[in-house]
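Structure first, then comments.
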Amino acid sequence: MHIRKIHPWTKNYAKAVQIQRELSNALILKKDHGKICTVAGADVSYDKYSDLVFAAVIVFRCNKNLEKIEEATAIEKAMFPYIPGLLSFREAPVLLKSFKKLKTAPDIILFDGQGIAHPRFLGLASHLGLILDKPAIGCAKSCLVGEYSAVENAVGAYSNLIYKDKMVGVALRTKLNTNPIFVSVGHKTSLSFATQFVLKVCRGYRITEPVRQAHLLVNKLRVQNIKKTQRISSIT
DNA sequence: GCGACAG
DNA sequence: ATCTTGTCGC
């Protein structure tokens, strides 16, 4: 799929922050799409013993079975450290490399991270939604910024996530007796649609099925790659 | 200065 | 995120 080149992947923290401030103004924080027929889940994995970063994206048909349409993976060297608030500068390059391999562009994309529930309102899902020019939703497993009240223990229950007097997302219960996940708009969709959509693509786990499958695939890729590397080094 | 802090 | 087995609870 097409990758828009909006800005360089700087390694300078101050510049990265400035880029986030500028890009956040270009976000479309409303439902800007028709019926969603395909959905993609994306995730990243790291190798503790090297500086390699792995990515996987899987596209599904939005039916009951979430039939898999296509998948793509990529490997890249980590060029940016993990800094809360600057996650996209670490994970976006390898993710884009995998998205570039997709033949079919999904109608919406689910990311393992925040959308606008972010210090400068530009989390991973928002940043990539802009670059890919696609509706995107942030599905984080923990909270980065904002405050919220306790969520009732019932699937579908949620509480608003407030940051700087703005509603930036929701803490959503996707599974009984399990901590809620944090859903926020990434780009080109609304919070209400994102919330309902996330619930529709959950399959008995806390994490949405598209992201969960991408997580399983990227970890498989990492383990295979590590084993392959060890086979080669034992011969050499 | 102190504490918080997606993956 | 990553290193890792069993184990407590629904």
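Fair warning: this is a prediction, and the values are worked out from it, not measured in the lab. Order of the sequence lines fixes the chain letters, A, B, ..., with proteins taken first and strands second; residue numbering starts at 1 for each chain.
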At a heavy-atom distance below 4.0 Å, what parts of [range] sit against DNA chain B?
| range | value |
| --- | --- |
| residues 146-168 of chain A | none |
| residues 77-90 of chain A | A:Y82, A:P84, A:G85, A:L86, A:L87 |
| residues 109-117 of chain A | A:D112, A:G113, A:Q114 |

Answer with yes or no whether the hydrophobic clustering places [X] together with [Y]; edges join I, L, V, M, F, W, Y residues whose side-chain heavy atoms lie under 4.5 Å apart.
| X | Y | value |
| --- | --- | --- |
| A:I28 | A:I116 | no |
| A:Y46 | A:L216 | no |
| A:L130 | A:L110 | yes |

Using modelled atom types and a 3.5 Å cut-off, is there a donor and acceptor pairing between side-chain atoms of A:R206 and backbone atoms of A:N179?
yes
Under 3.5 Å: donor-acceptor pair, side chain of A:S159, backbone of A:S149
yes
Per-residue pairing states of DNA chain B in dot-bracket (Watson-Crick or G-U under 3.5 Å; . unpaired, | other strand) read .......
Sorted by number, residues from residues 127-142 of chain A placing a heavy atom under 4.0 Å from DNA chain C are A:K141
Sorted by number, residues from residues 196-222 of chain A placing a heavy atom under 4.0 Å from DNA chain C are A:N219, A:R222
For A:V223, the hydrophobic cluster (side chain heavy atoms closer than 4.5 Å, chained through members) also holds none
Its 5'-most and 3'-most nucleotides having an atom under 4.0 Å from a non-hydrogen atom of chain A, DNA chain C is contacted over C:dA1 to C:dC10
Sequence-distant partners of [X], side chain to side chain contact (heavy atoms under 4.5 Å, CB included), two or more places apart:
| X | value |
| --- | --- |
| A:P106 | A:M1, A:T38, A:A40, A:V59, A:L102, A:I109 |
| A:L52 | A:S50, A:F54, A:I75, A:K77, A:N225 |
| A:E76 | A:V94, A:K97 |

Practice problem: Would you mind reporting whether A:P81 and A:Y13 have side-chain heavy atoms less than 4.5 Å apart? | Solution: yes
Result for side-chain hydrogen bond (donor to acceptor under 3.5 Å, both in side chains) between A:T189 and one of A:K31, A:H33, A:K30 points to A:H33
To the nearest angstrom, the CZ-P distance between A:R120 and B:dA6 comes to 13 Å
In whole angstroms, the gap separating C1' of B:dA6 from NE2 of A:H118 amounts to 8 Å
### Query
If you draw a 6.0 Å radius around CD in A:E147, do more than 12 non-hydrogen atoms from other residues or ligands fall strictly inside?
no
Heavy-atom count check: over 12 atoms from other residues, nucleotides or ligands less than 6.0 Å from A:K200 NZ? no
- Message: Once you measure the plane-to-plane angle for A:F89 and A:H127, does it fall in the parallel (<30°), tilted (30-60°) or perpendicular (>60°) bin?
- Response: perpendicular
task: Look at the rings of A:F193 and A:F197 and say which category their plane angle falls in: under 30° parallel, 30 to 60° tilted, over 60° perpendicular.
output: parallel
dist A:S88:OG -> A:I19:CD1 (nearest 0.5 Å) comes out at 9.5 Å
Exercise for the section: Compute the centroid of each ring, for A:Y148 and then for A:F182, and state whether the two points are separated by less than 6.0 Å. Expected result: yes
The salt bridge (charged side-chain N to carboxylate O under 4.0 Å, His left out) partners of A:K220 (sequence neighbours excluded) come to none
Q) Does A:K166 make a cation-pi contact with A:F121, if we ask for NZ or CZ under 6.0 Å from the ring centre and within 45° of the axis? A) yes
Worksheet item: Less than 4.0 Å between a side-chain N and a carboxylate O, is that true for A:D107 and A:K35?
Response: no
